[in-house]
Amino acid sequence: MKKTILAGLLTTLLSAPIVFAADNTEDLRKTIKQQQQVLDELERRLNETEKRVERTADVVDNSTSSKSATTIGGYGELHYNNIENNQTNTRHEEIDFHRFVLFFNHEFTANTRFFSEVELEHSVSGDGQNGEVELEQAYVEHDFNQMLSGKAGLFLIPVGILNETHEPATFYGVERNPVETNIIPTTWWEGGLALNILAMPGLVFDAAMTSGLNVPTTGDNAYNIRSGRQKVSEAIASDFAYTARIKYTAIPGLELAATAQYQSDITQGAAGVDSAPAMLLTGHVIYTIEKFTIKALIANWNIDSRQAEALGKDKQDGYFIEPSYRFNESVGVFARYNEYDTQAGMNDDTLVKQTNVGINYWLHENVVFKADYENQGGANDADGFNLGVGYQF
């Protein structure tokens, strides 16, 4: 392009009328020299312009690449626990990098995207180590229209408050509440298909067909719900689970939700025992008025099995209530009362009561320091304190 412009300019300049005497060759040389100087200056300016255009193109390219369709995020949390068991007169003192999580997401189009979540628990995994590496999410999501979307793959079950949103900066207390740990049980993911339906602004329905629980039928963890999570690792799929949730958020500051899940056999056809149909029902409310928030959740399992009934585990339930007050962007305080029982079908008193009170300090909206005092009563007798730091990005 540059050569074409120069050629055109040269033709124009040379075709211009030049007045000289035929015998005055010196004047002709001066004229040609002046025209050459003009052409040299034009070429220099074109070169400078071309360099500026190239620099601008580089900036545009870099800006475009910074808006990549692939994004990375994550979260992590370090805990210090100091809890004394008053029944055995022993103290549990431990520091643990509990979770290190990375998100890898990609947007194929405006309507189709991929989400994933990889977690390392307790810092080190492998034979003889405390930790493990887990794939907690890996699914493709597609928007069919403004009201209907679907996902396929490995995803978190739509239940409770923490199961889908559990980054440390989003909740109070160093440890996750015991009701959603032992009864629901957070964090709980399965593989399958799910639909999300926006019925109207503020009213959403979720439905999912997924892999199910496979609870042990013998030993200390027999019919223990948390021990039944297969984590989609060569999971037995003799019996699927079906989940439905309704969530209402049309009133500012209010969230109401209820979930039901049914599985016709949470033993996945284990030999020597009856099939164990199980139903989970949960509900929660979150209500915020200016700086004050109150959360409450209830969860209940019913397992129709003679073996589970003999262990008192045909009924497992719990609830908590948590008021909190956030003074400003940096400081908030809370109190939480929990009750849960993984053997609620027994005549013995197996109910655990736990109270936590504490403070969160947000160094940044995505960086939080936590401290709380913990007291366990009922079937347990323990007390102590927890410290923690967490982040998300």
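Side chains are part of it too, since the values below use all heavy atoms of this structure and drop only hydrogens, waters and symmetry mates.
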Flag, side chain of [X] to backbone of [Y], donor-acceptor distance under 3.5 Å:
X	Y	answer
Lys370	Gly173	yes
Asp265	Gly269	yes
Asn360	Phe171	yes
Lys313	Ala222	yes
Glu190	Ile157	no
Asp372	Leu387	no
Glu119	Phe100	no
Asp206	Arg245	no
Asp348	Thr350	no
Gln261	Leu281	no

Decide side chain to side chain contact (heavy atoms under 4.5 Å, CB included) for Thr186 and Trp188; before the verdict, give the C-alpha distance in whole Å, the side-chain angles of both, and the deciding distance to 0.1 Å.
CA-CA 5 Å; Thr186 299; Trp188 181 14; 6.0 Å; no
Let's go through Ile225 and Gln316 carefully: what are the C-alpha distance in whole Å and the side-chain angles of both, what is the deciding distance for side chain to side chain contact (heavy atoms under 4.5 Å, CB included) to 0.1 Å, and is it a yes or a no?
CA-CA 9 Å; Ile225 294 299; Gln316 303 183 40; 3.6 Å; yes
Answer yes or no: is there a side-chain heavy-atom contact under 4.5 Å between [X] and [Y]?
X	Y	value
Val179	Tyr319	no
Lys353	Tyr337	yes
Leu162	Ile184	no
Tyr391	Pro168	no
Asp96	Leu78	no
Ser305	Tyr223	yes
Ile183	Asp317	no
Asn163	Trp189	no

Roughly how far, to the nearest 0.5 Å, is [atom2] of [Y] from [atom1] of [X]?
X	Y	atom1	atom2	answer
Gln392	Thr170	CD	OG1	6.5 Å
Ile236	Leu213	CD1	CG	12.0 Å
Arg113	Thr71	CZ	OG1	11.5 Å
Phe385	Asn81	CZ	CG	9.5 Å
Thr210	Phe155	OG1	CZ	6.0 Å
Asn89	Glu84	CG	CD	6.5 Å

Can you confirm whether more than 12 heavy atoms, excluding those of [X], are under 6.0 Å from its [atom1] atom?
X	atom1	value
Gln129	CD	yes
Asn145	CG	yes
Glu234	CD	no
Lys231	NZ	yes
Glu93	CD	yes

Please work out whether the ring planes of Tyr361 and Phe369 are parallel, tilted or perpendicular, with thresholds of 30° and 60°.
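Judged by the thresholds at 30° and 60°, the geometry between Tyr361 and Phe369 is tilted.
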For the pair His106 and Phe108, name the ring-plane relationship: parallel under 30°, tilted 30 to 60°, perpendicular over 60°.
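Perpendicular, since the angle between the ring planes exceeds 60°.
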Identify the two heavy atoms, one from [X] and one from [Y], that lie closest to each other, and give their separation to 0.1 Å.
X	Y	result
Ala335	Val357	CB-CG1, 3.7 Å
Pro158	Thr243	CG-CG2, 4.2 Å
Gln307	Val273	NE2-CA, 3.8 Å
Thr187	Arg176	OG1-NH1, 2.6 Å
Ser125	Val133	OG-CG2, 3.4 Å
Gly212	Ala241	CA-CB, 4.1 Å

Cation-pi, Tyr139 ring and Lys151 (6.0 angstrom, 45 degrees)
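Yes, Lys151 and Tyr139 form such a contact.
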Would you check, one step at a time, whether the test side chain to side chain contact (heavy atoms under 4.5 Å, CB included) holds for Trp362 with His364?
CA-CA 5 Å; Trp362 284 270; His364 176 274; over 6 Å; no
Result of checking Glu180, Glu175, Glu374, Glu322 against Arg336 for salt bridge (Lys or Arg N to Asp or Glu O under 4.0 Å):
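Answer to the salt bridge (Lys or Arg N to Asp or Glu O under 4.0 Å) test with Arg336 among Glu180, Glu175, Glu374, Glu322: Glu322.
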Start with the C-alpha distance between Leu280 and Tyr262, add both sets of side-chain angles, then the distance that settles side chain to side chain contact (heavy atoms under 4.5 Å, CB included), and finish with yes or no.
CA-CA 7 Å; Leu280 167 67; Tyr262 176 76; over 6 Å; no
Would you confirm whether the ring centroid of Phe144 sits within less than 6.0 angstrom of the ring centroid of His142?
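Yes: the rings meet the under 6.0 Å criterion.
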Quick one: are the ring centres of Tyr242 and Phe240 less than 6.0 Å apart?
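That pair fails the under 6.0 Å test.
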Checking [Y] against [X]: is there a side-chain donor and acceptor pair closer than 3.5 Å?
X	Y	value
Asn302	Asn300	yes
Asn86	Asp381	yes
Asp239	Ser264	yes
Tyr340	Asn338	no
His284	Glu255	yes
Gln137	Ser116	no

In plain terms, say whether [X] and [Y] are close enough for a salt bridge, that is, a side-chain N and a carboxylate O under 4.0 Å apart.
X	Y	result
Arg99	Glu167	no
Arg229	Glu134	no
Lys315	Asp341	no

Holding to side chain to side chain donor-acceptor pair (under 3.5 Å), I want the full list of residues that pass it with Asn111, two or more places apart in sequence or in another chain.
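So Asn111 forms no side chain to side chain donor-acceptor pair (under 3.5 Å) with any residue.
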Evaluate the side chain to side chain donor-acceptor pair (under 3.5 Å) criterion for residues His122 and Glu132: first the C-alpha distance (whole Å), next the side-chain angles of each, then the deciding distance (0.1 Å), finally the verdict.
CA-CA 7 Å; His122 311 299; Glu132 56 186 344; over 6 Å; no
So if you build clusters from Ile, Leu, Val, Met, Phe, Trp, Tyr with side-chain heavy-atom gaps below 4.5 Å, do Leu156 and Leu154 land together?
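Same cluster: Leu156 reaches Leu154 through Ile, Leu, Val, Met, Phe, Trp or Tyr contacts under 4.5 Å.
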